[in-house]
Number of protein chains: 2
Amino acid sequence: MPRDPKHNVLFEPIQIGPKTMKNRFYQIPHCIGAGSEKPGTQAANRGTKAEGGWGACTTEYCSISPESDDTHRVSARIWDEGDVINLRHLNDTLHSHGALGAVELWYGGAHAPCLESRAVPRGSSSYASEFEYMSYCHESDEDDIKDLVNMYTEAAKRSVQAGFDLVYVYGGHSYGPLQWLSKFYNRRTDKYGGSLENRARFWIECLTALKNAVGHEAAVVTRLAIDSLYGPDGVEVGDDGLNFIDLVEKEGVVDLWDLNIGDIAEWGEDAGPSRFYKAGHQRPWTDEAKRRARTPVLGVSRETSPDDMAQRITEGRLDIIACCRPSISDPFLPKKVDEGRVEDIRECIGCNVCIARWEIGGPPMVCTQNATANEEYRRGWHPEKFTKTSSEDSVLVVGAGPAGMECARVLGERGYDVHLREAEAEIGGRVRKVMKYPGLAEWGRITAYRQIQLDKLKNVEVHTGVGKMTADDILSYGAEKVVLATGSYWALDGTSCITHNPVPGIDASLPYIATPEQVMMEGKETGDNVVVLDCDGYFTGVSLAEYLADQGKNVTIVTGLGGVAPYTHFTLEAPNLHRMMHEKKIHEKTLHWVQSVEEGMAILYYLFRDGYKRDGSPTLGKMPRREGTDTVEIKFDSLVVATGRIPNSELCKELKARKSEWADNDIGGIYQAGDCYAPGLIADAIFEGHRIAREFESSNPQHPQPWIRERQIWGHETYPKISDREVTG
Amino acid sequence: MPRDPKHNVLFEPIQIGPKTMKNRFYQIPHCIGAGSEKPGTQAANRGTKAEGGWGACTTEYCSISPESDDTHRVSARIWDEGDVINLRHLNDTLHSHGALGAVELWYGGAHAPCLESRAVPRGSSSYASEFEYMSYCHESDEDDIKDLVNMYTEAAKRSVQAGFDLVYVYGGHSYGPLQWLSKFYNRRTDKYGGSLENRARFWIECLTALKNAVGHEAAVVTRLAIDSLYGPDGVEVGDDGLNFIDLVEKEGVVDLWDLNIGDIAEWGEDAGPSRFYKAGHQRPWTDEAKRRARTPVLGVSRETSPDDMAQRITEGRLDIIACCRPSISDPFLPKKVDEGRVEDIRECIGCNVCIARWEIGGPPMVCTQNATANEEYRRGWHPEKFTKTSSEDSVLVVGAGPAGMECARVLGERGYDVHLREAEAEIGGRVRKVMKYPGLAEWGRITAYRQIQLDKLKNVEVHTGVGKMTADDILSYGAEKVVLATGSYWALDGTSCITHNPVPGIDASLPYIATPEQVMMEGKETGDNVVVLDCDGYFTGVSLAEYLADQGKNVTIVTGLGGVAPYTHFTLEAPNLHRMMHEKKIHEKTLHWVQSVEEGMAILYYLFRDGYKRDGSPTLGKMPRREGTDTVEIKFDSLVVATGRIPNSELCKELKARKSEWADNDIGGIYQAGDCYAPGLIADAIFEGHRIAREFESSNPQHPQPWIRERQIWGHETYPKISDREVTG
């Protein structure tokens, strides 16, 4: 298909300082867990995006000095020659696809806990971080300020050596010079504090130094939180935000503005989860800034629609469309627009499991929609290319939930004859339930994308509404290989990770007790006063609570975990979930679990009700978890139980017990993907479906092939070398 | 000094299967953040202990397969040839000092979240982990069991290739085969479930396989949680615990028992913080086991007294003294016992900041007492050896808190003439306050060790009770170099990380408001109803609350953080702090902060009281943090404010302002160490004091020298290679 002419504007080149970007698709900084320490992973991940048409790709935030060390989280670093070597490999890869490379030079101040370096960060004043409450910075004197500016300059020079085309001073998310610009941090009374001109001085000194040092070879970019959302306590767009743009442009030291909003403690206001923020939620701020700025402006807003993107350029509201999560979900988005294949775009669902991995620390990024994210190098997976099989095997995939849909799609791309069979009338599996929760409708894109792709694959047949298959059905079906993807269900009896036992009195066949499926899919009625018993810890319990509160019910969440939905802290949903619960008067009782239930009442206990010992010998057997007299009663009309998940594994067990019949039926292998093997994230189920299809010819695709690990092997070089050290006592 | 004869028993060799350990000092597995991916760090850390006399040293827990991947936490791994190379370097180092190398082969089951590998663990049954609530394992069938046993066997073979002398099957902390032995996890009805014999079968199969595969070359060890502290729900010493020992010994498949107690979700019951558990708290269990076992037994209990250690051997209560934290705090403990220098032992204080880094994930281990821990390779620091200076400079250290004491000690060891001057009558600084908190008396060892060492150093003078030094005093003192270590104080006005602002109405000069110093050191009285306002997040607020509750006061902790003392989750103190608060009826109000205070009352607000927006544009400037009408009142007689710390930096600022006078006074440099530069952990202050002394001849010892980083450099080899992969689609 030819490109839609209304998208042409997205493919116009643009000048950025001394560099030309070939189009308007810009992959802004985001973390993947590779940094400059896993160079193969780093280059392949961003390189795949460059291949997919992005005109510029950046690293994650890149530390300029060990004084800015975000360990346990993984940033890039450009501290020494070893980093330059590793990042040069990234830029070589980007350039081979015609894309520019950008580096977001980062100094975290008090927000960098420096747990690896053990260095002490310097800031505008002395304060503890509101993001890392244990971490304080040192108030800089004028020597310190010179040191800091010099750190940026030296890092910029190393960046150019590494081949970067765009060099940032990063002042979004409350980092670096924003701690000088914002009154929230800066309490100085010298020429670096007080008036806007004074608070802007440090930032402008950094930009000027970069412009002088590398400006003829690289574009100088700055990321600015145009509004920190603190009202007059911080940077407001209508005040310091726009006026700062004027000040910088007067000096002529920036070639491109990268604008966003918010801080680091609640950076979900920037990287908004779809539960609260749809595409374009930052437009009010970037619109204002674009009207004021004379330099090109880029902005983010989780845009996935090329029509919207083109409109923003055409209307002069942005010069460049910056994407983070949409580029993870579909690295080939620009190419698909270019080729007029808009319907093939795998749209970001805004679940933020990508971000969750950074928040957790070290682990590599994952993506619900794109199972190949981060796997480009280490497993050799390409998001759009598949090795065609030479096998003639036909494959039966049982269950069209996340794992089954993805497995059938990838097997189809690989050339297998596939039958995907779903008991229910529609494909989607648990996505059908999840997308009904308040705010989670966009999760339906998981199904929408796969529906379109499955429809295009002539060698994949999708059969819906076929009812549950029995072992006999499967054995006699005629397929050489079988993938079971039959999912899981919520425990009917209160089994949870806390006790691993059923709870006396919980039985979801009773009228006053209901599982999430019963509430959302089967229409089981609940009374006015509802207790939601949650030990899942992610979205299910809190989503049910909101769903029921929206019906006017009085809802209390009881959880054995330390907070309601603790995993949503990692997905950046937690702060607004707190606000939602406050507004909708949803009560919570944390660190409590349920000892027993009867109609109308649950007997709860505090998990730490047992005594402790100090000095002397502890009591043998001190933590009986289930019995005790120190209890709390809670009344309810209905009890909703999201306590734990049970895999639908009986079918597989029966088929394995009848293994002797496989050969007679020409069945060469039966595998399990997703929740029916072990319950997990939707992202995990899609990954497993994908992986099994990619590795379908291995001796046992049930278990993964090794991946390429990137780490120091003893005897190989380290940086810096011992001889680089000035002194040690 | 000669060795005390009563300690001779600690230096008797002992046979362990085919190996002989030269003495009874055994460094059991503990994490340092190196694993098999930072081979230099790993070998130097354990190698220093071997040099210090430990007869055997182990790695941290060592994963046998990518199915057991604990990322974000760092374990060792023995998955491939790259790991073998790296771990062989460790064993070469250990052997060069006559120590044995041990490897704790680990399969985590449901407790391993597999965030890097994305593999799915297998267990005895299907369950979610009570430690990692998002992680479920797959219920193994008989093929899976064969796979698992084979994983252990192959890992054991690689271990022997890497030079290990002792090979573990790790079944402590609810890991690996304990999930088969314990009824808490194992719900099977086949020959691997039900009776003890059946539940023990998997474990015994693993041990038997190891004995057959490597038993002639290596000792087979198993770590057993002899009591999981769940009562009859789990393993109890008097039931499954001791009976399991009998079963295994009947098979003759174990050469050494490594015994501990507890689970993983509350593993502070094993690695007990000194706040709750003193040395020897596990003796009741290991005593029972030792009476039953015929094979040698080792046990842990944070023993630091050689008298106690020797007594346990002499009385036949243990065969080997295993240490974890005491070996971190003093790697040379055995040598000091051997040389009759018992007073030089740097005793562990049981603060568990070492463990906190593992709990946080990735970061390298730190130790409050031993600043060289983890720095042996990357900074080249030896705990007992110091490069003698050739400088004739005399050094004035101002302030004998943690940073000052350590800086003076290390400068003294390096041969500098040092005057350490302390305003108060005693050295110790903030340790004097901390050791008064309930349960924290052992923290006094920080001072006790340094007092003894300073007394021994003839070139260090300690002057106490000299009052606060002025800038004039310092300029005229006659020292060529000055280190300021003047500490910090608790904000008098309610300044915190939440708002970075004073709170209207908070003024610690008022009779009804007090800081921690005022309560603990100055005897400021508090009324019957006390509100503790805490934004420190570590031990101060909760310790004050307990101190006051012990005086019969009614105490409520109000914090802007997500829980009371969240950092104590990482130090494993949190569960028993919860129990303590429950028992002593200390109330809590979390996620609240204070808007203003008047006599008798504080106006609080919920941090997430502001509305959120779903769909449509958010409001510009949506998070004013300080004003609002949605508030909660709380009454008090006294308000104790542990909101944030303020560095004592005025002296340094004045001295820097008078830099022109330095040369006239022959002052070559003035540096700041510890809290007066930026508040931090006591461990950080000691580290900074130590580092400045080690790097005292660098161009600016205020800022650290680079350390040796260990990571992949592009172009060097990776394992496994792409060609090792069986297949990819």
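Given the structure is predicted, the values throughout are model-derived calculations rather than measurements. Every chain is numbered from 1 and lettered A, B, ... according to where its sequence line falls, protein lines coming before strand lines.
Counting heavy atoms from C-beta outward, B/Q712 and A/R709 have side chains that stay 4.5 Å or more apart. Residues B/Y133 and A/Y538 form no side-chain contact, since every pair of their non-hydrogen atoms from C-beta on lies 4.5 Å or further apart. Contact of the B/E37 side chain with the A/E37 side chain is not registered, since no non-hydrogen atoms from C-beta on lie closer than 4.5 Å.
Taking the centre of each ring, A/H582 and B/F608 stay at or above the 6.0 Å mark.
Heavy-atom distances place no part of B/P701 under 4.5 Å from chain A, backbone and side chain included. For A/S126, the part lying near chain B is the side chain, with the backbone staying farther off; criterion is any non-hydrogen pair under 4.5 Å. For a residue to count as touching a neighbouring chain, one of its non-hydrogen atoms must lie under 4.5 Å from one of that chain's; by this rule A/Y127 touches chain B with the side chain only. Proximity to chain B is absent for every atom of A/I646, based on heavy atoms less than 4.5 angstrom apart. When heavy atoms are compared at a cutoff of 4.5 Å, B/R187 approaches chain A solely by way of its side chain, counted from C-beta outward. Heavy-atom distances place no part of A/H569 under 4.5 Å from chain B, backbone and side chain included. Neither the backbone nor the side chain of B/T389 comes within contact range of chain A; no heavy atoms are under 4.5 Å apart.
Note that CZ of A/R77 is 8.5 Å distant from CZ of B/R711, once rounded to the nearest 0.5 Å. Distance check: B/T499 OG1 to A/D233 CG gives 8.0 Å after rounding to the nearest 0.5 Å. The CD atom of A/E132 lies 10.5 Å from the SG atom of B/C497; values are rounded to the nearest 0.5 Å. The CD atom of B/E266 sits 9.0 Å away from the CG atom of A/L607 when rounded to the nearest 0.5 Å.
A/R118 and B/E688 make their closest contact through O-OE2, 4.2 Å (heavy atoms, listed as atom of the first residue, atom of the second, distance). When all heavy atoms are compared, the tightest approach of B/D536 to A/M134 is O-SD, 4.0 Å. Summarising the geometry of B/G40 relative to A/W714, their closest heavy-atom pair is CA-CZ3, 3.3 Å, with the distance given to 0.1 Å.
Contact check on B/E139 versus A/K653 returns a salt bridge, with a Lys/Arg side-chain nitrogen under 4.0 Å from an Asp/Glu carboxylate oxygen.
The side chain to side chain donor-acceptor pair (under 3.5 Å) test applied to A/R88 returns no partner, not counting sequence neighbours. Scored by the side chain to side chain contact (heavy atoms under 4.5 Å, CB included) test, A/T495 finds A/A491, A/D493, A/P502 as partners (sequence neighbours excluded).
A donor-acceptor pair under 3.5 Å links the side-chain atoms of B/Y136 to the main chain of A/R645, judged by distance alone. Of the possible donor and acceptor atoms, none in the side chain of A/N86 sits under 3.5 Å from a partner among the backbone N and O of B/I713.
Between B/H578 and A/Y606, the ring-plane angle classifies as perpendicular under the 30° and 60° cut-offs. Using cut-offs of 30° and 60° on the angle between ring planes, the pair B/H500 and A/Y185 is perpendicular. Relative ring orientation between B/W79 and A/W707 is described as perpendicular, the plane-to-plane angle rising above 60° on a 0-90° scale split at 30° and 60°.
Heavy-atom pairs under 4.5 Å with chain B were tallied for A/V366, A/L591, A/D141; the largest tally goes to A/V366. Of all the listed residues (B/A678, B/P679, B/P364, B/A128), the one sharing the greatest number of non-hydrogen pairs under 4.5 Å with chain A is B/P679.
In this structure, a donor-acceptor pair under 3.5 Å is absent between the side chains of B/H72 and A/R73.
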